[in-house]
A.B. asks: 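I am attaching a structure below and will ask some questions about it afterwards.
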2 protein chains.
Amino acid sequence: MDREGKTVSDAAESGEKISFRDVRAEILRRITIGPWGPGTLLPGEVELAQEFGCSRTTINRAMREISDLGLVDRRRKAGTRVRTTPLRAARFEMPIVRAEIERTGASYRYALVQRGVEPAPDWLRAQMNLTPKDRVLHVVCVHYAGGAAFQLEDRWINLAALPQAEAEEFSRTGPNEWLIATVPFSEVEVSFTATGADALVAAHLDHQPGDPVFIVERATWWQGAAITFVRMSYRKGYRMTTRY
Amino acid sequence: MDREGKTVSDAAESGEKISFRDVRAEILRRITIGPWGPGTLLPGEVELAQEFGCSRTTINRAMREISDLGLVDRRRKAGTRVRTTPLRAARFEMPIVRAEIERTGASYRYALVQRGVEPAPDWLRAQMNLTPKDRVLHVVCVHYAGGAAFQLEDRWINLAALPQAEAEEFSRTGPNEWLIATVPFSEVEVSFTATGADALVAAHLDHQPGDPVFIVERATWWQGAAITFVRMSYRKGYRMTTRY
DNA sequence: CCTTGCCTCATGTGTAGACATAACGTTATC
DNA sequence: GATAACGTTATGTCTACACATGAGGCAAGG
C-alpha cells in the first residue's frame, strides 16, 4: 500500500490538494498502527472532510477503497466501523494457460487427449446443477511449456447451454480459448486444493500415482445456467503467487 | 454480475436516473456478448455520457470498476481498449484461521508445538532478504477445528524488525493473532502450492508422510523490511473457495 | 529522413452541492 | 407495554464543472 511518499501533514503544509490516496494512506495508518484499533467507530465523512481539509467526495472514495479491502464495515446511519477480524482480500489474476506459459518465455504446445459426448456423472450433475437428461462434452487435454507438461485440463461443457460446442474439435487449440472467445459468463466459482495424482494425471504430467498435485477447479455460469466445469491439475512444484 | 434487474433502456424510458451500475452492466454486456469484442477501442467517456444520458463521472466510475475487473485497459489519451486476453481477477478473502473455523460453527482450539530463537536458515534468508546475523523467532503451532487438526502453522518472525516478539510466549494464542493486532504491513506475497507431507506435518495433521497437502505461504513486509514468513499446511481435503 | 518540441485530447482526480436510502432511536398510538 | 410511525443522520450516488497528467500525433527545424 503505502507507496505514496508524502504524509498528510506534508501535503497540508505545502498547501497542495489532498488526494484520496493521502487520505487512504492516513486512515490505513490509523487503523493498523494508529489509534483506530479493531471495533472502533470512525468519525463520519463530514467530520473527516473537515479534518483533512478536503471534500466529502474524496473521503468517500478513500473509505470505499478501504472497505473494498475488507478492513472496515460501512452501514448507512450506523457509520464506519473497523472490523474485528480484518479479512484482507487478495486479488488473484487468472490468465489463460497459454498466456501464463508464454509470459515466462517458454514455448507453448497443446495436445488433445480425449474428447467425447457423455452423460453427466453424478458428481458433475450435483456440481453444475444439471438434469439427468443433460448431455455434456468431456474434453481432456494437456498444455506444455517448453516441451514439458505443464497443466492437465479436464473439462466438461454443458451442451444444453452451449450446443455449438459439439461442433468443435479442439484438436489444435484448447476449449479454454474457444470458450473465452465464444461465451460470456456472469458467475464463477473457483476453488483450490491438493490431491494425490490419479492414473490420468500421473500419465500425462509425468508423476507417480499418489504424488501431490495442485488443483484448481472452476465452475462457470451464465444467467443461472451452468456453462462449464474445469479441473486443472498442475505439474509438480507449481506455485501460484500474488503480491499486494 | 448481471444482478441489476433493469436494462439501460428501461431506466432511460422511465426517466429514472442512470446509475453507474446500469452503465457497468450495459458495458459489460457489450464487451461479453455485444459488439465490443477483444481489441475494440471503446468510445470516450464524454461520448458515452451523452449516449447514456448521464454525467461523465458516472461513466468514469463504471469504467474504473470494469478496469479493476481486468477486462479493459485504460490509458490517457489512448482511450479504453478491451483486453485481448481478459484476465478476470478473483478476490480471495483470507480471514485468520480462528475466524474461518468459528464461522463454520466448529469450536476452535490452539496448541503450541515448538518455539525458539534460531539463526535463519539459508532458504529463509533468501526468502525474507535477511542478513546472516539476523535472528529469527521460529514458532510451530496447530489450529484445531472441532477436535481435529485443521492447520499447521510454521512461522518465522524477523527479530531485527520486531524485537518485541521475543517476549511473547504464544502459549495460549497463535502468533497470527498477535501479529495482526501488533504490526501493520505494507506488502504481502502469497503463494499456493501442493506438496507431500513431511514428518512434522504428518504427525500433527494426522497424515501419512507423502500425503498431498495444500500449502499457503505468506511473506509480509513493512516499509521494505521483512516482518514474517509463514507456511500453513491444511488438513486433507481442505478446499479454498471463492465466488465472483 | 530523423529528431525535437508543442498541441491536443482522453482519462484521472478534485470541488461543492443535491437528493436518495437505510437504519437507529424516539415518539405516538393502540 | 407492545407496536407502529416518523424524524434524524450517515452513507450512497449523481451532477456539473475544473484542472492535472500523460501520451499520441503533427509540425518545424536540423
Side-chain angles (χ1 to χ4, degrees), chain A residues 1 3-6 8 10-27 31 36 39-83, chain B residues 3-6 8 10-12 14-27 31 36 39-83:
Chain A
M1 304 292 89
R3 299 246 173 64
E4 34 264 347
K6 76 187 164 200
V8 171
D10 286 347
E13 280 166 20
S14 61
E16 288 173 40
K17 280 237 183 92
I18 298 287
S19 160
F20 75 93
R21 260 174 266 267
D22 304 326
V23 177
R24 190 183 58 189
E26 174 62 16
I27 293 180
I31 288 175
W36 294 343
T40 307
L41 179 65
L42 304 197
E45 297 189 345
V46 181
E47 191 177 332
L48 286 171
Q50 278 185 324
E51 191 211 324
F52 285 99
C54 64
S55 78
R56 189 169 79 88
T57 315
T58 302
I59 301 290
N60 184 277
R61 171 144 185 208
M63 289 297 239
R64 182 153 37 83
E65 298 209 349
I66 290 170
S67 172
D68 286 344
L69 275 178
L71 288 175
V72 297
D73 261 335
R74 313 197 75 197
R75 286 204 331 279
R76 281 167 165 146
K77 167 67 183 175
T80 302
R81 193 174 291 274
V82 180
R83 294 182 100 115
Chain B
R3 299 244 173 65
E4 32 267 346
K6 77 188 162 198
V8 171
D10 286 348
S14 61
E16 289 174 39
K17 280 236 183 93
I18 299 287
S19 160
F20 75 94
R21 261 172 263 268
D22 304 326
V23 177
R24 190 182 58 189
E26 173 62 14
I27 293 179
I31 289 175
W36 294 344
T40 309
L41 179 65
L42 304 196
E45 296 189 346
V46 181
E47 192 178 331
L48 286 171
Q50 278 184 325
E51 190 213 323
F52 285 98
C54 63
S55 79
R56 190 171 76 88
T57 315
T58 302
I59 301 289
N60 184 276
R61 171 142 185 210
M63 289 296 240
R64 183 153 36 83
E65 297 208 349
I66 290 170
S67 171
D68 286 345
L69 276 178
L71 288 176
V72 298
D73 261 336
R74 314 196 76 197
R75 286 204 333 278
R76 279 167 167 149
K77 170 68 183 172
T80 303
R81 193 174 291 275
V82 181
R83 295 182 100 115

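Letters A, B, ... are given to chains in the order of the sequence lines, protein chains preceding strands, and every chain is numbered from 1.
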A.B. asks: Would you confirm whether A/Arg81, through its side chain, and A/Thr40, through its main-chain N or O, come within 3.5 Å as a donor-acceptor pair?
C.D. replies: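 No; zero donor-acceptor contacts below 3.5 Å.
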
A.B. asks: Can you name the nearest heavy-atom pair linking B/Phe20 to B/Ala62, along with the distance?
C.D. replies: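 Residues B/Phe20 and B/Ala62, closest heavy atoms: O-CB, 3.7 Å.
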
A.B. asks: Taking all atoms of both residues into account, what is the closest heavy-atom pair of A/Trp36 and A/Ile27, and its distance?
C.D. replies: CZ3-CG2, 4.0 Å

A.B. asks: Can you measure B/Asn60 atom CG to C/dC9 atom C1' for me and round it to whole angstrom units?
C.D. replies: 15 Å

A.B. asks: Is it true that B/Glu45 and B/Arg64 make a salt bridge, defined as a side-chain N closer than 4.0 Å to a carboxylate O?
C.D. replies: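 Looking at B/Glu45 and B/Arg64, the cut-off is not met.
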
A.B. asks: Nearest-Å distance, CZ (B/Arg81) to P (C/dT11)?
C.D. replies: 12 Å

A.B. asks: Can you find a side chain N or O atom of B/Thr58 that sits less than 4.0 Å from OP1 or OP2 on D/dT13?
C.D. replies: no

A.B. asks: Looking only at side-chain atoms of A/Ser55, point me to the closest of C/dG14, C/dT11, C/dT15.
C.D. replies: C/dT15

A.B. asks: Tell me: CZ of A/Arg64 to C1' of D/dT13, nearest whole Å?
C.D. replies: 9 Å

A.B. asks: Just the atom pairs and distances: protein N or O near nucleotides 17-23 of chain D's N or O, under 3.5 Å.
C.D. replies:
residue : atom : partner : partner atom : Å
D/dA18  : N6   : B/Arg56 : NH2          : 3.3
D/dT21  : O2   : B/Arg76 : NE           : 3.1

A.B. asks: Report the distance from atom CZ of B/Arg61 to atom C1' of D/dT13, rounded to the nearest whole Å.
C.D. replies: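 Taking atom C1' of D/dT13 as the reference, CZ of B/Arg61 is at 7 Å.
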
A.B. asks: To the nearest angstrom, how far is B/Ile66 atom CD1 from C/dG12 atom P?
C.D. replies: 12 Å

A.B. asks: Just the rounded figure in Å: distance from P of C/dG12 to CG of B/Asp73.
C.D. replies: 11 Å

A.B. asks: Starting at CZ of A/Arg74 and ending at C1' of D/dT11, how long is that distance when rounded to a whole Å?
C.D. replies: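 After rounding, the reported distance stands at 6 Å.
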
A.B. asks: Give the rounded distance in Å between these two atoms: CZ of B/Arg21 and C1' of D/dT13.
C.D. replies: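 Answer to the nearest Å: 8 Å.
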
A.B. asks: For B/Thr80 and C/dT11, is the shortest distance between a side-chain N/O and OP1 or OP2 below 4.0 Å?
C.D. replies: yes

A.B. asks: Could you tell me which non-hydrogen atom of B/Ala49 sits nearest to which non-hydrogen atom of B/Ser55, and how far apart they are?
C.D. replies: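 So the minimum-distance heavy-atom pair works out to CB-C, 3.9 Å.
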
A.B. asks: Identify, between B/Glu45 and A/Phe20, the residue whose nearest nucleotide on DNA chain C lies closer to the 5' end.
C.D. replies: B/Glu45

